[in-house]
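Just so it is clear, the model here is predicted, and its values are computed rather than measured. Letters go in sequence order (proteins before strands), and every chain restarts at 1.
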Amino acid sequence: MEPKIKETAWNPEIEKQILKQWEDSRAYEFKPQGEVFVIDTPPPYPSGRPWHIGAAAHYAQIDMIARTARMSGKSVLFPIGIDRNGLPVEMYTEKKHNIRMHETDRAEFLKLCATALDDLEAEMIQIMKNLGLSGNFSEYYRTDSEQYRALTQTTFIELWKKGLIYIANRPNNYDWITGTTIADAEITYEEIPTKLVYMKFKIKDSDKVLIIASTRPELLCACQAIIVNPEDERHVDSIGKSAIIPVINREVQIKTHPSAEKEFGSGAVMVCSYGDQNDVALFRELKLQEIVAIGKNGRMTEVAGPYAGLKVKQAREKIIEDLQNQGLVEKVESINHRTPISERSKAPIEIIPMEEYYLKQKESVEKIKELGSKIVFHPPMHKQILMNWLESITIDWPISRRRFYGTEIPIWYCKKCSEPHIPEPGKYYKPWKDPSPISKCTKCGATEFVGEERTFDTWMDSSVSPLYVSKYGHDEEFFKKTYPATIRPQSKDIVRTWLYYTILRCEQLTRQTPWSEAWIMGYGVDEHGAKMSKSKGNVIDPLPVIQKFGADTFRFWSASEINLGYDFRCSEQKIETTKKFLSKLWNISRFLSGFQIVKSDKVFPADKWILSELDKVVSECKKGFDDYNFFVPSTSIREFTWNLFAAHYIEMVKGRAYSDSFSKEERDAAIFTLHKVLSTLLLLLAPITPFITDYLWQTLYSDKTIHKEKFPQQENHEDWTGFTKPITEFNSNVWNKKKEQNLSLKDSIEMAIPDELQQFAKDLQAMHNLKSG
RNA sequence: GGGUUCAUAGUCCAGUUGGUUAUGACGUCGCCCUUACACGGCGAAGAUCCAGGGUUCGAAUCCCUGUGGACCCA
């Protein structure tokens, strides 16, 4: 029989046809029947090319989760969304058009942002499709759509009514570059070289001088106290006295506080509003009057006297100079200071008192610990990231932002008495331009209102994703079937934001955990283990890689190279060599495509042996798939396919299959077993490499797609795997012997078959052309 | 300072409850067109399993200490 497959290598171009077939037949449509499996897919932010190759690998694996569930017989809801809220597009737009957001007409600015997002999004969707994602593209959602934003606002209104939201004026993390308050979760820390200045404070009515070391001398004007450790005998006689702030020439009291470390600097610390979070705590505890020294524009305020109007950094330089000129500096040290910076804009955080909206979270911590402990984490160790974060929560979540491209806070204030009013839930509101939906102030009866101008922190949107995909508040029937979702796949760097905030919000709104499992992936790093960044030039763009080698190659690389939860290295060369496995699979199939599919009731020893090994692979794969760890099935299948099936079994039964001197029964058993093994392998590989397996499946075994099939089950054959070692060793011995004797592999040779392999003798003889004797 | 985690050939990685000769791949070198595949086959070289100590008949594996790296928190 002519082989059905003619080409000698898998051509990734075929992926396009298959993709079209999937789309035309709506192969992955979700029907809420039977056992439902819901994935709370992370909506990617379309930040433009190159997309991070680690992210592409991540999505490939999320698709494997979806396909695994489908092949386990579940109805899978695999939503596709695009995250479009937030800072990056605003900054991109400012740069692209050389404008400043706060100086641009709001409606005009939003339009520019939306246009930019549309372009970037189209490209992103195309990459996701090309990767072979079996998601619900026909209904993909955007987090800036009217519907999504209405949901964010509705949930806000619900929480407001539950009394979980309040307004407070308190010192807050402020990013002066983007001009907005940010939450603790959005801060990162960097070691930045800075000067530690040892300043001389004169003690009043004494000729003594107190040395105070600080990295923030520009805040001298906001100094309201000096603290020393009560057990520090060096300062005992200064306690209770006043010190004169250098340059500023104002008096402050010297107090005791245990937080002053004896080892740091001179042991005396100046308390200013606000150098860091510790200052905030001290101001509260010691009931000090705050002085706002830094304004929203990142410049010193008028209280800084001669330094007013200078940027913080300039003011620092200038005041150090002045201190030195007046002989008020003992010394200056250069140190690396761990500085809080904004994750997004990289600006150093200033702590400035601002009036913001807060969502209560402190009182939910214990409840969330309890819910968190019930969520199954893959891998389990990453649960610790959540638990550590819960331990460190000290303040409520500031949710308002002074930005434009986000969901508007749906509030109107009475023009007369400033009483805030919230509208009816269910609609999307834009208070900065919409007329007030409230006609009369509930407090004073006035009829004129002013809309709130601020927007929400984008995590307010993202944290309701499981509610959005299950149509919370829209379709009660659908919601019941799809909420809570099954699994949240995401990367480990956003556990303290996206994962945490989602549990918090869903608990507050639904009293339930949003999903029963969380699947946490590591970062993609470069081939030397360094973080990829545009400035280092070690970024790999996944798009050309996928185009060159095909999505299946990329996916198989991702599965076989990434151990769940750990960081993984990316190199184009590694991806390229992965392609060889697909070639191997292709050629095995090409060989088998020359043999008709037959049924056979009887199998022979070699067949029993390989089926027994196959059974082992099936069981190992099941374990890996159950844990959504695709490293396990991909490596186990590759090793079996290459090193046992192709190298030994196929060679052993080739003679039988071509039927030179074998009975029909023997021949059929071989062909039956060959097809049985290959079809099983294709099914096991289908979630990992959906294109090539579907093509081969439809060419060899069925007129329907492989992706509607179920996983093969373990058959519990008699265990023949003990023969693996003797068989492979014997074959190796023969090959070596022939080599030694300079024989070709098809040449005849005289060699004794070991006793334990006697039952395989006929196949082995044919395989090696052994002389009987 | 606290936490999590990692350390196995030139490189990447496996190694279940301790148990003969430590897995596989990439790369390197040699030989080979063999009725699926040269995008292939066969073979070879390459590891003091980070260091030190302990438990044990026996440790890459368990325990302690240290060193080095990554990440998180204060």
Side-chain angles (χ1 to χ4, degrees), chain A residues 3-12 184-185 187-189 259 261 263 276-278 281 338 340 379-394 491-493 495-496 520 522-523 525 527-531 549 553 556-557 560-563 565-571 573-595 620 623 631-632 634-640 642-648 650-651 654-655 657-658 660 674 678 725 729 731-740 742-747 767-769:
Chain A
K4 282 189 191 162
I5 299 171
K6 305 232 160 38
E7 306 77 16
T8 57
W10 163 245
N11 179 2
D184 286 351
I187 293 176
T188 58
Y189 291 84
S259 72
E261 284 176 51
E263 292 73 28
D276 56 26
Q277 283 298 342
N278 196 35
R338 193 164 168 280
M381 67 176 179
H382 283 340
K383 181 177 281 189
Q384 205 53 43
I385 304 177
L386 173 65
M387 293 305 169
N388 288 349
W389 178 242
L390 287 170
E391 285 302 327
S392 67
I393 288 173
T394 54
S491 76
K492 76 177 180 195
D493 54 339
V495 167
R496 62 182 186 168
I520 312 290
Y523 314 105
V525 293
E527 55 189 316
H528 306 292
K531 208 170 179 170
F549 307 118
T553 299
F556 194 83
W557 163 78
S560 62
E561 203 73 15
I562 299 174
N563 208 345
Y566 294 90
D567 293 354
F568 53 97
R569 302 189 178 203
C570 307
S571 88
Q573 196 222 341
K574 272 259 162 112
I575 298 170
E576 183 170 8
T577 51
T578 306
K579 193 168 172 236
K580 289 184 181 177
F581 173 70
L582 299 188
S583 246
K584 193 75 193 172
L585 187 70
W586 177 267
N587 278 297
I588 290 169
S589 306
R590 188 163 84 100
F591 169 60
L592 278 192
S593 75
F595 298 101
E620 274 167 24
K623 268 189 232 155
F631 182 85
V632 174
S634 58
T635 50
S636 145
I637 291 168
R638 182 176 54 197
E639 270 187 45
F640 169 82
W642 214 318
N643 299 335
L644 290 181
F645 185 50
H648 294 277
I650 290 184
E651 295 304 327
K654 229 181 226 172
Y658 283 122
D660 292 338
L674 285 165
L678 178 61
K725 214 174 171 197
E729 272 173 7
N731 288 338
S732 201
N733 282 342
V734 179
W735 287 323
N736 265 326
K737 199 78 158 220
K738 285 191 175 178
K739 181 167 272 219
E740 268 170 38
N742 261 326
L743 295 172
S744 147
L745 286 180
K746 62 184 173 186
D747 289 339
M767 172 184 185
H768 296 296
N769 195 6

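- The same atom, P, is picked in G53(B) and in G58(B); the two are 15 Å apart, to the nearest Å.
- Rounded to the nearest Å, the gap between the P atom of A22(B) and that of C57(B) is 24 Å.
- If you check every strand for non-hydrogen atoms under 4.0 Å, Ile385(A) touches nothing.
- Across G10(B) and C72(B), the matching C1' atoms stand 33 Å from one another, rounded to whole Å.
- Using a 4.0 Å cut-off, no side-chain N or O of Tyr566(A) falls inside it from OP1 or OP2 of U4(B).
- Contact annotation: Thr577(A) side-chain N/O to G27(B) OP1/OP2 distance is not under 4.0 Å.
- Note on Thr635(A): nothing from the nucleic acid sits closer than 4.0 angstrom, heavy atoms only.
- Side-chain polar atoms of Asn388(A) and Gln384(A) form a donor-acceptor pair below 3.5 angstrom.
- When the P atom of G15(B) is taken as reference, atom NZ of Lys623(A) falls 12 Å away, rounded to whole Å.
- Close to A36(B), at under 4.0 Å from its OP1 or OP2, lies a side-chain N or O of Lys654(A).
- When both distances must be under 3.5 Å, the Watson-Crick or G-U wobble mate of C26(B) is G10(B).
- When the P atom is used for both U65(B) and G1(B), the distance is 16 Å, rounded to whole Å.
- Comparing G15(B) with A7(B), their P atoms sit 10 Å apart, to the nearest whole Å.
- Not a single donor-acceptor contact under 3.5 angstrom links the side-chain atoms of Lys574(A) to the base of C26(B).
- Lys746(A) comes within contact range of the sugar-phosphate backbone alone, with a heavy-atom separation under 4.0 Å but no base atom that close.
- Nearest to the side-chain atoms of Glu651(A) among the listed nucleotides A36(B), G27(B), G24(B) stands A36(B).
- Atom CG of Asn388(A) is separated from atom P of G1(B) by 18 Å (rounded to the nearest Å).
- Counting non-hydrogen atoms under 4.0 angstrom, Trp642(A) reaches the backbone sugars and phosphates but no base.
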